[in-house]
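Atoms considered below: every heavy atom in the structure, side chains included; atoms not considered: hydrogens, waters and symmetry mates. By convention in this document, chain letters (A, B, ...) are assigned in the order of the sequence lines, proteins followed by strands, and residues within each chain are numbered from 1.
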2 protein chains.
Amino acid sequence: MKDAISILRQCDIQPTPQRIAVVEYVLKCKTHPSADDVFTHARKNCPTVSRATVYNTLNLLVEKGLLGMQTIREGAVIFDANVEKHHHFIDDDTGDIYDIPWDQLEVKGKGKLKDFEIFEFQVIMHGRRKKK
Amino acid sequence: MKDAISILRQCDIQPTPQRIAVVEYVLKCKTHPSADDVFTHARKNCPTVSRATVYNTLNLLVEKGLLGMQTIREGAVIFDANVEKHHHFIDDDTGDIYDIPWDQLEVKGKGKLKDFEIFEFQVIMHGRRKKK
DNA sequence: CTTTCACCTTGACATTGTCTAAAATACTAA
DNA sequence: TTAGTATTTTAGACAATGTCAAGGTGAAAG
Ligand SMILES: [Mn+2]
Ligand SMILES: [Mn+2]
Ligand SMILES: [Zn+2]
Ligand SMILES: [Zn+2]
């Protein structure tokens, strides 16, 4: 992955130490973290970063399309470094959220929904991940 | 629909005025209300009902399977009088949430997800409802 | 050096949701 | 009826999520 500074520059966001700390964690994170998760981890590299700055940076990244945001978990929005279209599987035992590649599932019948103009959609699955 | 008292009795929940006010609103509501929506409306019929009782009653109804709960909107869980399996369409302009009958959509390919045991799933769509 | 400007921090605030202690209510049995 | 017990309700405390405004810091420009 490109380094945080280049990514920020490319989107016309000034690369400050606080923003770099947020970006370095959240854009390579595979765990669908909450804002508070990001805050905790960003603090390790930048101990003075504030909650407000974390929220501001996350919202900025989402606006710029560098970061996804999902409202599939109770209590807090989660952020998603994977900005390609994909589905989600939620392990109800552990709370872990897994990405399901877009082409693994096909949703048929959307054309029949005459009253609705669909901008985007995804399949949300709940269950348990099989231990291998 | 059966009356609130019978419904509560049938589930071994004592029908108190507070619970009746909650049930009468939430079980015939088609708008996917939040707990606070239910609180506001229940107060009209039972002006003394407290927030705690509304939450307790909603959680009881969900436990008993009389009410659905969905985490598809930011900020608050929503409740769903429709306990049949179905999908959801969210109008991003208005925030309104529409039920999509289960058999209108078909999700193919779940069998390929060997690592996951799926308990339930649904399709979540975002877009705009066409004005007729 | 002074002004300006973007950024950051702090803390206040609103909202959601849970929990507890005490009051109110309803059932039960003498 | 009356006393006692169990259930329910209420008010408020509390924690967590998220937004916002006020003021501080620091660099760049004049
Ligand atoms: Mn974490
Ligand atoms: Mn309402
Ligand atoms: Zn994802
Ligand atoms: Zn529904």
Phosphate-side-chain proximity, [X] and [N], N/O vs OP1/OP2 below 4.0 Å:
X	N	answer
Thr53(B)	dT8(D)	no
Tyr55(B)	dG17(C)	yes
Thr16(B)	dT7(D)	no

How about His32(B) and Ile90(B): do any of their side-chain heavy atoms sit closer than 4.5 Å?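 In short, these two side chains do not touch, never coming nearer than 4.5 Å.
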Looking at the side chain of [X], which of [options] is the nearest nucleotide?
X	options	answer
Ser50(B)	dC8(C), dT9(D), dT17(D)	dT9(D)
Arg19(B)	dT8(D), dC8(C), dT19(D)	dT8(D)
Gln14(A)	dC7(C), dC20(D), dT16(C)	dC7(C)
Ala52(B)	dT10(D), dT9(C), dG18(D)	dT10(D)

Residue whose closest nucleotide on DNA chain C lies nearer the 5' end, Arg43(A) versus Pro17(B): Arg43(A)
Position toward the 5' end of DNA chain C (nearest nucleotide), Ile13(A) or Glu74(A): Ile13(A)
Could you go through Asn45(A) and Tyr25(A), starting from their C-alpha distance and side-chain angles, then the distance that decides it, and tell me whether this counts as side chain to side chain contact (heavy atoms under 4.5 Å, CB included)? CA-CA 9 Å; Asn45(A) 293 330; Tyr25(A) 176 67; over 6 Å; no
Can you tell me how far [atom2] of [N] sits from [atom1] of [X], to the nearest Å?
X	N	atom1	atom2	answer
Leu60(B)	dG17(C)	CG	P	16 Å
Leu8(B)	dT9(D)	CG	C1'	15 Å
Arg51(A)	dA15(D)	CZ	C1'	11 Å
Leu58(A)	dT17(D)	CG	P	13 Å
Asp12(A)	dC7(C)	CG	P	11 Å
Asn59(B)	dT9(D)	CG	P	13 Å
Gln18(B)	dT9(D)	CD	P	5 Å
Phe39(A)	dT19(D)	CZ	P	15 Å

Would you indicate what Thr48(A) reaches in the nucleic acid, counting non-hydrogen atoms under 4.0 angstrom: base, sugar-phosphate, or nothing? sugar-phosphate
Does Ala76(A) reach a base, just sugar-phosphate, or nothing at all? Heavy atoms under 4.0 Å.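 Sugar-phosphate contact only.
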Any carboxylate oxygen within less than 4.0 angstrom of a Lys/Arg side-chain nitrogen, looking at Arg128(A) and Glu117(B)?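 Salt bridge present between Arg128(A) and Glu117(B).
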Full working for side chain to side chain contact (heavy atoms under 4.5 Å, CB included) between Glu24(B) and Val22(B): CA-CA 6 Å; Glu24(B) 284 192 335; Val22(B) 169; over 6 Å; no
Worked check of side chain to side chain contact (heavy atoms under 4.5 Å, CB included) between Ile118(B) and Phe89(A): CA-CA 8 Å; Ile118(B) 301 172; Phe89(A) 181 94; 3.9 Å; yes
Does the plane of the ring in Trp102(A) sit parallel, tilted or perpendicular to the ring in Phe121(A)? Use 30° and 60° as the thresholds.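 Ring orientation of Trp102(A) relative to Phe121(A): tilted.
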Test item: side-chain donor near acceptor, Ser34(B) and Asp36(B), under 3.5 Å: no
Sort me out a list of protein N/O and nucleotides 23-30 of chain D N/O pairs below 3.5 Å, or just none if empty.
none

Of Ile78(A) and Asn56(B), the one whose closest DNA chain D nucleotide lies more 5':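 The residue mapped nearer the 5' terminus is Asn56(B).
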From the list His87(B), His86(B), His88(B), side-chain hydrogen bond (donor to acceptor under 3.5 Å, both in side chains) with Gln122(B) holds only for His88(B)
